[in-house]
Amino acid sequence: MRYKATQKEETRDRILAAAGRCFRKAGYSGIGVDGLAKEAGVTSGAFYGHFNSKKAAFSAVIVSGMEELRAGIAGFRRECGKAWWLEFARFYMTEKRTCDLAESCGLQSLTPEVGRSEESIRSVFEAELLKTARLATEEATLATGQPTIDAALVRFAMLIGGVMLARAVVDENLSNRIAAAIQDAVVGMQQT
């Protein structure tokens, strides 16, 4: 049987997308290779043909998730100019706060898992986080008016922490108050 030249790449992309959904929703420890393969519609053997371990898939999911975030930031910057943080914070504290965890932002859903991971995984995350912060740095400033990676990291920390808190409470009004307060704080940081 002949396979399309792109079939291997398409299968890898399908496994990566399925692994991303699963790790976001269930966490790293919440699913095994068999579950990841089933979600992707492949056999466990096919999974191992693309990723030599669950850890390798998790690492690839981190990179892919952060690439998605950077693409989103680039889109907000293109469409909104200097006001991109306002629109990004609004989007993050509404749609990314209320969507199904499987479709959530990798930054908010994978960070707790990464924190429990070994150094090699944390190093991959760190490199991707710094790339993302650098992209956001041009519009991120601290009270000194100087653009810094720190300002972008502060904003991202507020957003992911806000989403995590807002998702953790039962009272919808409290969840909305948390989201509004975080959005206001992110936007309220001085910009040049």
Side-chain angles (χ1 to χ4, degrees), residues 1-79 88 91-136 153 156-157 159-168 175:
M1 175 189 274
R2 293 201 137 167
Y3 294 101
K4 295 187 296 183
T6 61
Q7 184 171 357
K8 184 171 182 170
E9 185 178 321
E10 289 170 3
T11 301
R12 184 185 189 283
D13 290 346
R14 194 169 71 241
I15 294 169
L16 185 60
R21 289 189 304 274
C22 291
F23 289 138
R24 283 176 173 99
K25 188 159 187 133
Y28 183 79
S29 298
I31 191 154
V33 169
D34 291 341
L36 294 171
K38 183 178 179 181
E39 176 72 17
V42 300
T43 65
S44 296
F47 174 92
Y48 283 116
H50 296 277
F51 298 100
N52 63 7
S53 66
K54 183 171 95 166
K55 178 180 147 188
F58 187 57
S59 181
V61 164
I62 291 167
V63 172
S64 174
M66 296 300 271
E67 286 172 348
E68 289 173 16
L69 176 59
R70 286 193 295 274
I73 289 170
F76 275 100
R77 289 184 70 181
R78 239 184 347 269
E79 293 173 24
F88 182 74
F91 169 77
Y92 212 87
M93 295 314 297
T94 56
E95 291 182 42
K96 287 301 174 185
R97 171 177 61 98
T98 59
C99 68
D100 187 84
L101 278 175
E103 302 303 322
S104 64
C105 173
L107 189 59
Q108 67 176 264
S109 56
L110 299 177
T111 298
E113 296 297 316
V114 171
R116 290 186 275 277
S117 297
E118 60 189 65
E119 187 175 330
S120 63
I121 293 292
R122 292 192 327 267
S123 293
V124 168
F125 179 83
E126 179 180 312
E128 294 300 316
L129 177 63
L130 290 173
K131 286 181 199 175
T132 306
R134 282 187 204 101
L135 176 64
L153 293 173
F156 289 140
L159 289 169
I160 65 174
V163 168
M164 291 170 62
L165 279 176
R167 281 184 180 268
S175 179

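- By the 4.5 Å heavy-atom criterion applied to side chains, Leu159 and Phe88 are counted as neighbours.
- A distance of 12.5 Å separates CD in Glu95 from CD in Glu103, rounded to the nearest 0.5 Å.
- Between the side chain of Arg70 and the backbone N or O of Glu128, at least one donor-acceptor pair lies under 3.5 Å.
- When all heavy atoms are compared, the tightest approach of Ala56 to Asn52 is CB-OD1, 3.3 Å.
- When atom types are taken as modelled, the side chain of Lys8 and the backbone of His50 share no donor-acceptor pair closer than 3.5 angstrom.
- Atom NZ of Lys25 is separated from atom CD1 of Ile31 by 11.0 Å, given to the nearest 0.5 angstrom.
- Using a 4.0 Å cut-off between a side-chain N of Lys or Arg and a carboxylate O of Asp or Glu, Glu68 and Arg24 qualify as a salt bridge.
- In terms of heavy atoms, Ser117 sits closest to Glu113 at OG-O, 2.9 Å.
- In this structure, CG in Leu110 is found 7.0 Å from OG in Ser104, a value given to the nearest 0.5 Å.
- In this structure, the side chain of Glu39 does not engage the main chain of Ala18 through any donor-acceptor pair within 3.5 Å.
- The two residues Ala60 and Phe51 come nearest to each other via the heavy atoms CB-CE2, 3.6 Å.
- The distance from the CZ atom of Phe156 to the CD1 atom of Ile73 is 3.5 Å, given to the nearest 0.5 Å.
- In this structure a side-chain-to-backbone donor-acceptor pair under 3.5 Å is present from Arg14 to Ala40.
- Using a 4.5 Å heavy-atom cutoff, the side chains of Thr111 and Leu129 are not in contact.
- Checked by atom type and distance alone, the side chain of Ser59 never pairs as donor or acceptor with a backbone atom of Lys55 at under 3.5 Å.
- Side-chain atoms of Thr11 and Phe47, non-hydrogen and from C-beta on, never get closer than 4.5 Å to each other.
- Note: Lys96 NZ to Thr94 OG1 = 10.0 Å, rounded to the nearest 0.5 Å.
- With contacts defined as side-chain heavy-atom distances shorter than 4.5 Å, the pair Lys54/Phe23 qualifies.
- Taking CD of Glu118 as the start and OG of Ser123 as the end, the distance is 10.0 Å to the nearest 0.5 Å.
- When all heavy atoms of Ile62 and Phe125 are compared, the closest pair comes out as CG2-CA, 3.9 Å.
- Taking the six-membered ring for Trp and thresholds of 30 and 60 degrees, Phe76 and Phe91 have ring planes inclined between 30 and 60 degrees apart.
- Judged by distance alone, the side chain of Arg77 and the main-chain N or O of Leu135 form a donor-acceptor pair under 3.5 Å.
- Using a cutoff of 4.0 Å between basic side-chain nitrogens and carboxylate oxygens, Glu9 and Arg12 are not scored as salt-bridged.
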